[in-house]
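Please read through the structure below; I'll follow up with questions.
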Amino acid sequence: MPHRFADSVAVLLGVVLAATPLALWIAWTPAVLAVVVAAALASASLLVLLHELAPPQAGGQPQVERPGLPEEFVEEIHRLFPLTYHHSGAPAARYRRAMDKLSRMIRAR
C-alpha cells in the first residue's frame, strides 16, 4: 500500500508541475504569479523528497538481466542507418571501437 500511495502522490505532484506553465501564463497579478511559483517549487521539492525517501520497490521478483545487443543487430543497424556514423567522417575502425564499447556497456547491465 505505501508504494501505491507514493505513486499517487508523485502523479499528483507531476500534474501540478505540468500545469505550472499554463498557470504562469494566465497569472493576472503579481500575487497570483508568486503563488504559482511557490506551488511549483513546493511540488518539485516534495517530488524530489518523495523519491529520496520512498521505500525501495519490493515485489519478490528477481532483477531481470537484459541481454546485450547481438553483433548481427549492430551490423544491421550499421547497414540500415549509415548516417549514424558518417556525419563525423570518422574511419570505420573508430566506429567499430565505439560499437564494441557500447556492446560491452549494455552487456554489463
Name the one of Leu12, Asp7, Leu13, Val11 that satisfies side-chain contact (heavy atoms from CB on, under 4.5 Å) with Val9?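 Going through the options one by one, the only one that passes is Leu13.
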Shared hydrophobic cluster, Leu46 / Leu50 (ILVMFWY, side-chain heavy atoms < 4.5 Å):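 Linked, Leu46 and Leu50 end up in one cluster.
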Does Ala23 have any side-chain contact (heavy atoms from CB on, under 4.5 Å) partners at least two apart in sequence or in another chain, and if so, which?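 Ala23 satisfies side-chain contact (heavy atoms from CB on, under 4.5 Å) with Val36 once adjacent residues are dropped.
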Who clusters with Val35? Use side-chain heavy atoms, under 4.5 angstrom, across I, L, V, M, F, W and Y, and order the result by chain and number.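 The other cluster members (ILVMFWY side chains, heavy atoms under 4.5 Å, direct or chained): none.
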Give the minimum heavy-atom separation between Ala40 and Leu17, together with the two atoms involved.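 Heavy atoms of Ala40 and Leu17 come nearest at O-CD2, 3.4 Å.
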Please list, one pair per line, the donor and acceptor atoms closer than 3.5 Å that link side chains of residues 25-33 to other protein atoms, with sequence neighbours excluded.
from: Thr29; atom 1: OG1; to: Val32; atom 2: N; distance (Å): 3.2

